[in-house]
Novice: 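Pasting a structure below so you can have a look.
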Amino acid sequence: MPKTRWGILAPGHIARGFVAGLKVIEDAELYAVASRSHEKAQEFTQEFGFQKAYGSYDELANDPDVDVIYVATPHHLHFENTMMCLQNGKAVLCEKPITINSKQLEILVKTARDNKVFLMEAVWTRFLPGIGKILQMIGEGHIGNLKMLNADFGFKAPYNPESRLFNPVYGGGSLLDIGIYPVFLSLLLLGYPKEIKAVAVKAPTGVDESVSISLGYESGALASLHCTFATFTTTDANIYGDQGKIQLRQQWFRPAAVLVSRHNEKQEEYEFPALANGYEYEAMEVMQCLNKGLTESAILGLDFSLQLMRLLDAIRKECNIVYPDYD
Ligand SMILES: NC(=O)c1ccc[n+]([C@@H]2O[C@H](COP(=O)([O-])OP(=O)(O)OC[C@H]3O[C@@H](n4cnc5c(N)ncnc54)[C@H](OP(=O)(O)O)[C@@H]3O)[C@@H](O)[C@H]2O)c1
């Protein structure tokens with residue numbers, strides 16, 4: 001297998017986690033790092049063993065030896081950073097949410113498809129073995145027809161109007177930052193809903209501190225989803241079918257254990273220790289796609305990301321969360 005040369009665009013908090021995952025993949029070459037600060041890029045390069053450090057993002061996008069770029073800037077920059085990479089013919093794995101809204105994503109998807117360049121949203125949860133296991137069990141009818149989904153994601157974030165979590169200029173708010181995970185799970189398991197209701201509590205900056213979402217489906221299933229920056233929630237997911245239930249144990253978006261019980265039968269537990277920290281699985285998917293010459297993942301394609309972003313738009317519309325700079 002040829003090595004895949006990775007470039008890291010923005011060596012911030014999550015980039016550190018992602019690179020820790022990359023390091024366990026034999027065919028992943030830690031090639032280049034680009035920061036707005038050359039000094040910071042050099043420090044990151046030395047710490048993790050990359051080969052090149054750039055003091056601007058466009059130098060990375062113009063390096064002919066980069067195979068794929070991981071975009072890890074705050075949400076509001078994903079559109080312009082990814083666009084620059086795609087226009088330079090670079091494959092991109094972009095952090096979630098891939099854009100602020102579906103209007104931006106439609107433009108990125110068209111650019112990627114017109115230029116036949118690989119693009120994927122870094123919804124890493126999709127590639128974890130525990131998620132593969134529940135899809136298999138649900139597909140085999142283990143818990144019958146799906147009826148209810150409950151999923152949450154919450155942590156207490158100190159209020160700082162300038163931070164990326166609360167500043168609307170950065171696309172702040174709990175929905176786009178962490179609510180995207182339960183919304184992703186609902187879309188994966190139940191598809192696009194027929195009915196969407198949502199209530200938000202807003203921070204003084206106007207972005208959502210907390211959101212409660214109720215979704216209804218043609219099939220008769222219901223989903224109840226929550227996200228918040230106001231408190232630590234259990235962050236688990238319960239999937240109920242008419243013949244049993246599946247629990248994804250905390251934190252569900254990186255399930256270490258999956259508990260399955262059919263009505264009146266003994267509960268079975270499956271454990272899923274990650275190879276590293278879990279980010280390695282999405283990176284492996286990108287590399288497999290590139291090695292096969294694919295421009296989209298069959299597991300997490302751009303049509304799925306478009307649906308996810310449209311659903312997030314619709315939830316925001318329900319509770320009047322607007323990003324004046326982007327919507
Ligand atoms: N998949 C996951 O588990 C996960 C977890 C956390 C976050 N994320 C996602 O990853 C993205 C980045 O989150 P993060 O927590 O890593 O953010 P962060 O550390 O605050 O910022 C990431 C980097 O972006 C660059 N940057 C460029 N312009 C910036 C600006 N105007 N303000 C601040 N930083 C700027 C900075 O790098 P340079 O200055 O070096 O260029 C910064 O270090 C978000 O979209 C988030 O949703 C994903």
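Just so you know, ligand 1 is whichever comes first in the structure, and atom 1 is the first atom listed for that ligand. Since the model is a prediction, treat every value here as computed from it, not as a measurement.
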Novice: So is Tyr57 touching ligand 1 or not, going by heavy atoms under 4.0 Å?
Specialist: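 Contact present.
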
Novice: Which ligand 1 atoms, with their elements, are less than 4.0 angstrom from a heavy-atom of Tyr181?
Specialist: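 In order of numbering, the contacting atoms are 1 (N), 2 (C), 3 (O).
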
Novice: Using a 4.0 Å cut-off to any heavy atom of Pro74, which atoms of ligand 1 qualify?
Specialist: 24 (O), 26 (N), 33 (C), 34 (N), 35 (C), 45 (O)

Novice: Using atom types as modelled and distance alone, determine if a side-chain donor or acceptor of Lys90 lies under 3.5 Å from a backbone N or O of Asp63.
Specialist: yes

Novice: Among pairs that include at least one residue of residues 259-287, which meet ring-ring contact (aromatic ring centres under 6.0 Å, His included), considering only residues two or more places apart or in two chains?
Specialist: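 Only Trp124-Tyr279 qualify under ring-ring contact (aromatic ring centres under 6.0 Å, His included).
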
Novice: Going by heavy-atom distance to atom 22 (C) of ligand 1, choose the closest among Ala10, Ala34, Ala72, Ala15.
Specialist: Ala72

Novice: Which atoms of ligand 1 are found less than 4.0 Å from any heavy atom of Pro11?
Specialist: 40 (O)

Novice: As an exercise, identify every atom of ligand 1 less than 4.0 angstrom from a heavy atom of His78.
Specialist: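 Listed by number with element, the hits are 45 (O).
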
Novice: As a check for students: among Glu39, Lys40, His13, Arg164, identify the option with a heavy atom nearest to atom 42 (C) of ligand 1.
Specialist: Lys40

Novice: Output the list of atoms in ligand 1 that are nearer than 4.0 Å to some heavy atom of Asp177, sorted by atom number.
Specialist: 47 (O)

Novice: Need the ligand 1 atom indices (1-based, order shown) with element for anything under 4.0 Å from a heavy-atom of Leu77.
Specialist: 27 (C), 28 (N), 29 (C)

Novice: Numbering the atoms of ligand 1 from 1, which are under 4.0 Å from a heavy atom of Tyr279?
Specialist: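 Going through ligand 1 atom by atom, the ones under 4.0 Å from Tyr279 are 1 (N), 2 (C), 3 (O).
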
